[in-house]
Amino acid sequence: MTAVAGKVCVVTGAGSGIGRALALGLARRGARLALSDVNEAGLQATAADAGRAGGGAVHTQVLDVSDREGMTAYAATVASHFGVVHQIYNNAGIAHSNTILESEYEEYERVFGINLWGVIHGTKAFLPHVIASGDGHVINVSSLNGFLAQPDMSHYCTTKFAVRGFTETLRSEMRRDGHRVGVTVVHPGGIKTNIASAALNEARASGQEITPEDEQRERLYNEKLLKMDPAQAAEIIIKAVETDRPRVMVGNDAKLVDFLVRMLPARHQTLFAAAERRMRK
Ligand SMILES: NC(=O)c1ccc[n+]([C@@H]2O[C@H](COP(=O)([O-])OP(=O)(O)OC[C@H]3O[C@@H](n4cnc5c(N)ncnc54)[C@H](O)[C@@H]3O)[C@@H](O)[C@H]2O)c1
């Protein structure tokens with residue numbers, strides 16, 4: 001059991017959803033927090049709640065995880081502010097929907113920049129500090145789309161499969177090289193956050209044509225698929241860190257999909273497509 005109390009924990013994408021809930025869960029356990037997000041208002045709201053939740057010191061900084069130099073400078077700032085960094089939760093991420101046929105390369109670059117490069121930037125920038133702490137942990141947030149591919153989600157699925165590969169490689173390197181660093185890849189199922197609405201709003205703002213199907217998909221996710229309270233998701237993730245689990249499924253939906261993908265490697269996509277069609281009715 002790894003105690004979180006007193007540890008310096010870094011959470012990216014802390015302004016909303018799972019990141020905010022992680023910050024509050026860690027604060028309640030007495031962690032010292034370095035919180036960041038591109039959304040300053042959301043970030044400050046989380047920091048205020050974390051302060052009330054009884055955590056130790058809270059450091060905040062507006063940060064875009066896709067900015068490599070920004071992340072490198074941020075890691076140095078956090079390390080010098082607290083003198084040590086124990087845990088990094090690479091959580092920031094966005095969803096996006098479009099077919100492969102119709103997607104522009106820029107759509108891939110944007111999603112890869114945040115969901116994949118953001119995780120690599122956060123890991124590489126903080127890893128020397130996490131190793132130096134002598135009792136560290138790297139937590140990278142993938143998704144059930146880290147093992148299930150779905151139509152119109154090639155950008156997201158590609159990054160989330162890659163986050164799994166990157167994180168599992170890191171774990172094996174830390175083990176082999178004798179570093180006292182736990183590594184956990186997180187595969188959430190549907191968590192009740194702003195992720196689906198944020199994706200549609202961003203697509204609208206960038207001038208992408210929004211079809212009735214896109215709006216129907218947002219409703220399907222918000223009303224039927226994104227079910228778990230983020231606070232419950234955060235508890236599951238933090239407990240997985242405390243017990244040094246290599247991978248954690250968050251929710252029964254993630255556990256079921258993981259099982260079916262492994263049991264039915266050739267047939268699961270047909271089954272899931274049929275299930276989605278039924279749910280849309
Ligand atoms: N909600 C779910 O059902 C679900 C399922 C599987 C995986 N996830 C993953 O969980 C993570 C958190 O998502 P969420 O559901 O809490 O979504 P959310 O939209 O509620 O929160 C994401 C946060 O990331 C921030 N963010 C976006 N781009 C950023 C950038 N470039 N730099 C820094 N911060 C940025 C947003 O401002 C927001 O505060 C993501 O990696 C997501 O892919 C979510």
Side-chain angles (χ1 to χ4, degrees), residues 10-25 34-47 60-68 70-71 74 88-97 109-122 125 139-148 150 153 155-164 166-167 185-202 205 217-218 220-234 236-237 247-255 257-258:
V10 180
V11 183
T12 68
S16 170
I18 298 172
R20 171 173 293 184
L22 280 170
L24 300 188
L35 308 178
S36 63
D37 202 292
V38 276
N39 174 354
E40 175 147 37
L43 177 63
Q44 293 312 334
T46 303
T60 58
Q61 187 170 313
V62 172
L63 174 78
D64 180 344
V65 295
S66 70
D67 173 2
R68 186 171 304 161
M71 180 67 86
Y74 175 61
I88 164 93
Y89 293 76
N90 288 303
N91 161 77
I94 58 168
H96 186 71
S97 171
E109 280 161 4
R110 168 138 181 81
V111 180
F112 287 14
I114 297 169
N115 292 8
L116 178 55
W117 279 112
V119 168
I120 297 174
H121 293 158
I139 303 93
N140 291 337
V141 180
S142 171
S143 163
L144 66 72
N145 290 117
F147 42 80
L148 172 69
Q150 286 179 273
M153 293 178 66
H155 333 72
Y156 189 76
C157 293
T158 302
T159 60
K160 295 300 185 178
F161 272 67
V163 165
R164 178 182 171 192
F166 177 77
T167 309
V185 61
V186 181
H187 296 283
I191 316 297
K192 208 167 179 43
T193 71
N194 198 39
I195 192 163
S197 301
L200 198 65
N201 290 341
E202 187 174 310
R217 178 194 292 271
E218 184 207 14
L220 169 69
Y221 272 80
N222 283 340
E223 290 166 13
K224 296 194 179 161
L225 296 177
L226 306 186
K227 290 278 195 200
M228 184 186 275
D229 183 341
Q232 192 185 345
I236 293 169
I237 297 167
R247 68 197 295 246
V248 56
M249 300 295 145
V250 183
N252 288 335
D253 49 358
K255 287 180 193 161
V257 171
D258 178 44

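Given the structure is predicted, the values throughout are model-derived calculations rather than measurements. Every number for a ligand or one of its atoms is a count from 1 in the order of the listing.
- Looking at ligand 1, you won't find any N or O of N39 less than 3.5 Å from one of its N or O atoms.
- At the shortest separation from atom 18 (P) of ligand 1 among protein heavy atoms lies S16 OG, 3.6 Å.
- Smallest separation of non-hydrogen atoms from G93 and I114: CA-CG2, 4.0 Å.
- Interface atoms of ligand 1 facing G17, defined by a heavy-atom separation under 4.0 Å, are 16 (O), 20 (O).
- Looking only at heavy atoms of the protein, atom 31 (N) of ligand 1 is closest to D64 OD1, 2.8 Å.
- For ligand 1, the atoms closer than 4.0 angstrom to any heavy atom of G190 are 3 (O).
- A side-chain donor-acceptor contact under 3.5 Å links D253 to the backbone of G190.
- One N or O on the side chain of N115 and one on the backbone of I94 form a donor-acceptor pair closer than 3.5 Å.
- Of the protein's heavy atoms, G13 CA, 3.6 Å lies nearest to atom 24 (O) of ligand 1.
- What sits closest to atom 33 (C) of ligand 1 on the protein, heavy atoms only, is L63 O, 3.2 Å.
- Using a non-hydrogen distance threshold of 4.0 Å, I94 registers as a contact of ligand 1.
- Ranking the protein heavy atoms by distance from atom 14 (P) of ligand 1 puts T193 OG1, 3.5 Å first.
- At least one donor-acceptor pair under 3.5 Å links the side chain of N91 to the backbone N or O of G13.
- Nearest to atom 13 (O) of ligand 1 among the protein's heavy atoms is I195 CD1, 4.0 Å.
- Counting only heavy atoms of the protein, atom 38 (C) of ligand 1 lies nearest to D37 OD2, 3.6 Å.
- Of the listed options L144, N91, V141, N91 places a heavy atom closest to atom 41 (O) of ligand 1.
- Considering backbone and side-chain N/O of L226, none are found under 3.5 Å from N/O of ligand 1.
- Ligand 1 lies within reach of S142, whose nearest heavy atom is under 4.0 Å from it.
- Less than 4.0 angstrom separates some heavy atom of Y156 from each of these atoms of ligand 1: 6 (C), 7 (C), 8 (N), 9 (C), 42 (C), 43 (O).
- Only side-chain heavy atoms of I114 come within less than 4.0 Å of ligand 1; its backbone N, CA, C and O stay farther off.
- Between G19 and ligand 1, no N or O atom pair is found at a separation short of 3.5 Å.
- If you check each of G93, S197, G42 against atom 22 (C) of ligand 1, the one with the closest non-hydrogen atom is G93.
- If you look at K160 next to ligand 1, the close heavy atoms, those under 4.0 Å, all belong to the side chain.
- Side-chain contact between H121 and Y74 is absent, with no heavy-atom pair separated by less than 4.5 Å.
- Residue S16 is tested with L43, I195, N194 for a side chain to side chain contact (heavy atoms under 4.5 Å, CB included); the sole match is N194.
- For atom 3 (O) of ligand 1, the nearest protein heavy atom (residue, atom name, distance) is I191 N, 2.7 Å.
- Interface atoms of ligand 1 facing G189, defined by a heavy-atom separation under 4.0 Å, are 2 (C), 3 (O), 4 (C), 5 (C), 6 (C).
- When I18, N194, V38 are checked for heavy-atom proximity to atom 35 (C) of ligand 1, V38 turns out nearest.
- With values rounded to the nearest 0.5 angstrom, E218 atom CD is found 7.0 Å from N201 atom CG.
- Under a 3.5 Å cut-off, the side chain of D37 and the backbone N or O of A14 do form a donor-acceptor pair.
- Applying the 4.0 Å criterion to heavy atoms of G15 picks out, from ligand 1, the atoms 39 (O).
- Counting all heavy atoms, side chain and backbone alike, Q150 lies closest to N145 at OE1-ND2, 2.9 Å.
- A donor-acceptor pair shorter than 3.5 Å cannot be found between the side chains of S142 and R164.
- In terms of the salt bridge (charged side-chain N to carboxylate O under 4.0 Å, His left out) criterion, E40 has no residue partners (sequence neighbours excluded).
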